[in-house]
Amino acid sequence: MIADRVVQAALKLVLEPIFESDFKPVSYRFRPKRRAQDAIAKIHFYGTHGYRGVLDADIAACFDEIDHAALMDRVRIRIKDNQVLALVKAFLKAGLPTELGEHQDIFTGTPQGGVLSPLLANIALSVLDEHLHRAWEAGGEMSTDYRRGRRRAARLPSWRLVRYADDFVVLVDGTRQDTEALHEEFARVLARTSGTSTPSSPTGLSGR
C-alpha cells in the first residue's frame, strides 16, 4: 500500500543518518554515495597490495533469514524512541500476501521490496563489518604497517573486507588454510549475532 511505503520512507529518513554514522567503510550497497564501481576498485587495490588470498561468498538467503530479535537488539542500541521501535517491529512482522489474498505472518527476514529492507539488512550485517574491521581501527592488531609486519613474521594472516549487501569478498595476506579458517569464523559470527549464515562452501577460495 502507498501509505505503508510513505511510512517506511519516513522511517528511513530518520534511521539512515543515525546508522550511517556507525557503519564501517567496508560496505557499499544500499548506502549513500557508494557504488559498485567503488567496491570493485577497492578489491583491485587490495589485490595488488599483497592480499592474494580470496574468499568470495554470499550470505545464504540473507533477506529471508535475518533474525528479528537479533536485528531489533541492534536497532535498540541506537534508537530509544519506543514509537519508532514499534514501527520498525511492525514492518518486520507485517504479513505477506498469499496467492489467495490472505496474509501469512513472518518471523524472520525483511520483506522483499520494502523501502526499509535494505537499510535493515545492512544493520543486521554490520556485525560482520565490525568484526572484521575492528583489527584495523586505532590500536588494533593490523592498524599499522609495523603490526601487520609482526603478524606476517609470526605467520599470522591479515585481511581486508569488501561487502556489497549480502555478497562479500575477503582478501587475505596469508595461506589458503588461513582463508578457510576465516570463512568458518565468519559463519559463526553471523549465526550467533544476526541469524544469517554463510554458504557451506565459498564460491571462490584461494591463497598462497
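Glu130 contributes atom CD, which lies 11.0 Å from atom CG of Leu125 (distance to the nearest 0.5 angstrom). Put simply, CD on Glu184 and OG1 on Thr179 are 11.5 Å apart, with the number rounded to the nearest 0.5 Å. Within the model, atoms CG of Asp56 and CG of Leu171 stand 9.0 Å from one another, a figure rounded to the nearest 0.5 Å. The line from CE of Met72 to NE2 of His68 is 10.0 Å long, rounded to the nearest 0.5 Å. Here the CG atom belonging to Asp166 is positioned 10.0 Å from the CG atom belonging to Asn122, to the nearest 0.5 angstrom. Between the CD atom in Glu185 and the CG atom in Leu128 there is a gap of 9.5 Å [rounded to 0.5 Å].
Glu180 has a carboxylate O that lies under 4.0 Å from a charged side-chain N of Arg176, or vice versa, which qualifies the two as a salt bridge. Ion pairing between Arg52 and Asp173 fails under the 4.0 Å rule for side-chain N and carboxylate O.
Atom NZ of Lys24 has more than 12 heavy atoms from other residues, nucleotides or ligands within 6.0 Å. Annotation for Gln37: atom CD counts as buried by contact number, over 12 foreign heavy atoms lying within 6.0 Å.
The two atoms that bring Asp129 and Val26 nearest to each other are CB-CG2, 3.6 Å, heavy atoms only. When all heavy atoms are compared, the tightest approach of Val127 to Ala124 is CG1-O, 3.2 Å. Of all non-hydrogen atoms in Val170 and Phe186, the two that sit nearest each other are CG2-CE1, 3.5 Å. Annotation for Pro157 and Gly174: closest pair CB-CA, 4.4 Å, computed over non-hydrogen atoms. When all heavy atoms of Leu132 and Trp159 are compared, the pair lying nearest together is O-NE1, 3.2 Å. The heavy-atom pair separating Lys12 from Pro17 by the smallest distance is O-CD, 4.1 Å.
Taking 4.5 Å as the limit, every side-chain heavy atom of Val169 sits out of range of all side-chain heavy atoms of Leu55. The side-chain heavy atoms of Glu137 and Ser143, taken from C-beta on, include no pair separated by under 4.5 Å. When side chains are defined from C-beta on, Leu120 counts as touching Val88, because their heavy atoms get closer than 4.5 Å.
Residue Glu141 forms a salt bridge (Lys or Arg N to Asp or Glu O under 4.0 Å) with just one option from Arg134, Arg151, Arg147, and that option is Arg151.
By the rule that hydrophobic residues join a cluster once side-chain heavy atoms approach within less than 4.5 Å of another member, Leu85 and Leu11 end up as members of one cluster. In this structure, Ile18 is a member of the same hydrophobic cluster as Ile123, with clusters built from ILVMFWY side-chain heavy atoms closer than 4.5 Å.
Under the 3.5 Å distance criterion, with hydrogens and angles disregarded, a donor-acceptor pair is assigned to the side chains of Ser126 and Arg74. Donor-acceptor pairing under 3.5 Å is recorded for the side chains of Ser27 and Arg31.
Cation-pi geometry between Arg34 and Tyr28 is met: under 6.0 angstrom from the ring centre, within 45 degrees of the axis.
In this structure, Asp73 contributes its side chain and Ala70 its backbone to no donor-acceptor pair below 3.5 Å.
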For the pair Arg160 and Tyr46, evaluate side-chain hydrogen bond (donor to acceptor under 3.5 Å, both in side chains) and give the outcome as yes or no after the intermediate values. CA-CA 7 Å; Arg160 302 304 311 242; Tyr46 294 144; 3.3 Å; yes

